[in-house]
Amino acid sequence: MAKPLLGGAMKTESDRPEQILRPGNTNCGGCGMSITLRMLTHAAARQHPVQLVIPACCAIVAPGQYPFSAYGAPVVASTFGSAAAVASGLAQVAHMNGEKTRVIAFAGDGGTYDIGMATVSAAAERNEDILYLCYDNEIYGNTGGQRSSATPFGASTSTTPYGKDILKKDILGIMAAHRVPYAASVSLAHPEDALRKMHYALGSTGFRFLHVLSPCPTGWKAEAAEGIELVRLAVRSGLYPVYEVFGGHRMVINVEPEMSLEALEQYFAKQGRFQKSKVRAEDVRASIERSWRDLRGLAALRKEG
Amino acid sequence: MTIELLSANHAAAMAATLAGRANRTGRGFGGGVYPITPQSECIELLCRQEFEKGEVTRVESEHSAMGVCIGLAVGGARTFTASSSNGLAYMTENVYAAAFYRLPIVMMAVNRTLGPPWNIWVDHGDTLLLRDTGWIQLYCEDNQEVFDSVLIGYRLGEDRRVLLPVLVCQDAFVLSHTMMQIDVPAQELVDRFLPVLDLPHRVLERPVTIGGLDFPHGTEVHRRQHAEAIARAVQVYSECQDEFQRVFGRRPADRIVPYRMEDAEVALVSMGTTAATVRTAVDAARARGVKAGGLRVRMYRPFPERELKEALARCARVAILDRDISLGHGGVLWSETRGVTPRDAVVQNYMLGLGGGDIRPRHITGVIDDILGREEAAEPMIMEVA
Ligand code: SF4
């Protein structure tokens, strides 16, 4: 892989000739999903052709109206819960025909944590040769901002107007428990780690899962320009652990959090969605510390492959 | 050709296997499969087959069974799955999607009562739930017809003028678990009948979005194209029948199948295996001087409106036998067929055999007696036969 310039934010001559997400898309400014797709473009550079399966979510509104498509790769728009199943079929045809095409299921948290859960789990169990990437904006963004099981504690949504009082699902834990070849969380604030993971995931075979915390200025009621900063705060505070799991076993923590309460306070303060519930860093500190104790324990046990 | 003793479930699996192998020089064959009584024997047999270029995927739900078929089909493979009853209801969202993507998937459906309360016996309500999905629907009367319909389903659905999925329906247990002699053709013949699938809109490297976003005008155009394609299936089906006959030496049934209708004054319209019982009752009625005739609807979508209208033109009484009910209305077959009956005819709806009640000739004779005694039609009637 050619070295990405400016941490992956710049186009280089070794890129795919075409961006995966081209100009003309309808995403909100500052959308983390746009950044994810841009990084995916870099990661897919000089790799095999890619095909995307995208269920109902912001990413399938993004390409615009038929017959136009802002995607620079073939896309199948699947039903909401079906991305992993449709991608399985598509990958099987490529496989049967000796084609090196990489099939990517690209879904939001609704399509992954909620309505698609059984289907994602089954495709992982079968170890289908797909890369399943969940861009997690922690909300049903496309339908106007309702809570999902990825919505974090304390966040107001249109269906939890006073703030959600339940913790979000541990999706990476769930997927790693399927003992898939690769499962990792990706921080958009750490582009080199992010690109490395995307590149590795694209190049490996079997079921690979990437979880991306995807800032959504619209749903998070935050400044469009601050998305990356918010992700950085989530990582620094320990709220968003960045790690990878190989084969459901060997576990590597990629970014050491500072466990900074101040970062957590800032994370909450910069987002309108946390204002109603008045959630404080203190309220979630214990749960963050508990998850990190578990993570560190597991990582220590699972140093070897 | 060899003659084998097969249930309709196994007949469908064998036909799908032969059709799948016929695409070995194309993009291959596959499908997502999931068990449900009384269909499971079909996918079990399919899972025991070997394919030079193909694989069957054991998924976690009917919804994903169709999802995997969609993925395979959009990549250009030939695909098959099977389901029944609540499985079809659960799958419905993707059943629509398959048709909207214009993918020539073939699915075998064993007609079974929807629940709860759970009931595993025959009722047509499950596939009639899928009436408006844009699939071609064929209802079968015996196992050979199930076998032949799967093969002709591929030829019809894959025709460039059509490009639509095809649903092959058969009655739970009456056919699904009953063994009959089946003519199973050799692979070379199937290869001749089913050219390799070449899906014009399969995804490759061109950056198109299949599905995507339609505004109202886009949908108007897409629905019109879909409606025109399914209308073309009428003509293409008759060409497929000719070709089937040329290759296999027998002719699959027409869209509607009349029995002693030439001079019939009382017509009995039905679908599936009810039609066989109707024939027995028609013979008995004829023996006592009643000019009765049977009419079986084999292709329910596209609806054989013109054929039914012609066949019923001289009937004074038309009994429409539904093995289904649209609650709050009446039988589904009745609600559509009554629109093509002669204006002054007595058209009465009889819903019988709901939930798998065993329809016997005496029940049909009762229907004939009832309609003969009527000056005008009454509300749709539910007959208890069980
Ligand atoms: S609503 Fe959120 S996730 Fe959706 S396009 Fe806008 S910023 Fe992106």
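Naming convention: chains lettered A, B, ... in sequence-line order (proteins, then strands); numbering from 1 in each chain.
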For B/Q39 and B/Y34, indicate whether the former's side chain and the latter's backbone hold a donor-acceptor pair under 3.5 Å.
yes

Does one side chain, of A/R126 or A/S88, offer a donor that lies under 3.5 Å from an acceptor on the other?
yes

In terms of relative ring orientation, are B/Y96 and B/F100 parallel, tilted or perpendicular, with 30° and 60° separating the classes?
tilted

Test side-chain hydrogen bond (donor to acceptor under 3.5 Å, both in side chains) on A/N97 and B/K53 and set out the steps.
CA-CA 8 Å; A/N97 290 280; B/K53 195 188 217 182; 2.6 Å; yes

Are the side chains of A/R208 and A/Y200 in touch, meaning some heavy atoms are under 4.5 Å apart?
no

Please flag which part of B/R206 lies under 4.5 Å from any non-hydrogen atom of chain A: side chain, backbone, both or neither.
backbone

Answer with side chain, backbone, both or neither: which region of B/V203 has an atom nearer than 4.5 Å to a non-hydrogen atom of chain A?
both

Counting heavy-atom pairs under 4.5 Å to chain B, which of A/A122, A/P74, A/S69 comes out on top?
A/P74

Contact part of B/S61 toward chain A, heavy-atom cut-off under 4.5 Å: side chain, backbone, both or neither?
neither

Taking every non-hydrogen pair under 4.5 Å, which of A/V61, A/I54, A/V103, A/L90 racks up the most with chain B?
A/L90

Can you tell which part of A/E125 gets under 4.5 Å to a heavy atom of chain B, answering side chain, backbone, both or neither?
neither

I'd like to verify something: which residue of B/R58, B/E60, B/E205 has the highest number of heavy-atom pairs under 4.5 Å with chain A?
B/E60

Does the plane of the ring in A/Y135 sit parallel, tilted or perpendicular to the ring in A/F106? Use 30° and 60° as the thresholds.
parallel

Within 45° of the ring axis of B/F29 and under 6.0 Å from its six-membered ring centre, is that where the NZ or CZ of B/R24 lies?
no

Kindly indicate whether a cation-pi arrangement holds for B/R131 with B/Y300, taking the cut-offs as under 6.0 Å to the six-membered ring centre and within 45° of the axis.
no

Is the backbone of A/R147 close enough, under 3.5 Å, to the side chain of A/T157 for a donor and an acceptor to pair up by distance?
yes

Can a donor-acceptor pair be found, under 3.5 Å and without considering hydrogens, that links the side chain of B/R155 to the backbone of B/F193?
yes

In Å and rounded to the nearest 0.5 Å, what is the CD to CD1 distance from B/E93 to A/I115?
6.5 Å

Which one of A/G81, A/A62, A/A77 has the most heavy-atom pairs closer than 4.5 Å to chain B?
A/A77

Could you tell me if A/S149 and A/D114 have a donor-acceptor pair between their side chains, going purely by distance under 3.5 Å?
yes

Highest number of heavy-atom pairs under 4.5 Å with chain A: which of B/P207, B/G31, B/G211?
B/P207

Contact listing (chain A partner; residues 66-86 of chain B; heavy atom under 4.5 Å):
B/G67, B/V68, B/I70, B/G71, B/L72, B/V74, B/G75, B/A77

Within residues 215-226 of chain B, which positions have a heavy-atom distance to chain A below 4.5 Å?
B/F215, B/H222

Identify which part of A/Q65 has an atom lying under 4.5 Å from any heavy atom of chain B, answering side chain, backbone, both or neither.
both

Any donor-acceptor N/O pair, B/R102 side chain to B/V162 backbone, under 3.5 Å:
yes

Between A/A73 and chain B, with a heavy-atom cut-off of 4.5 Å, which part of the residue counts as in contact: side chain, backbone, both or neither?
backbone

Any donor and acceptor pair, going by atom type alone, linking the side chain of B/N23 with main-chain N or O of B/V196 inside 3.5 Å?
no

Going by distance alone, is a donor N or O of one side chain under 3.5 Å from an acceptor N or O of the other, for B/N94 and A/S82?
yes

Among A/A56, A/A83, A/S121, A/G64, who wins on heavy-atom pairs under 4.5 Å with chain B?
A/G64

Which atoms of B/Y101 approach chain A - backbone, side chain, both or neither, heavy atom under 4.5 Å:
side chain

I would like to know whether A/S158 and A/Y140 meet side-chain hydrogen bond (donor to acceptor under 3.5 Å, both in side chains); could you show each step before the answer?
CA-CA 10 Å; A/S158 66; A/Y140 284 91; over 6 Å; no

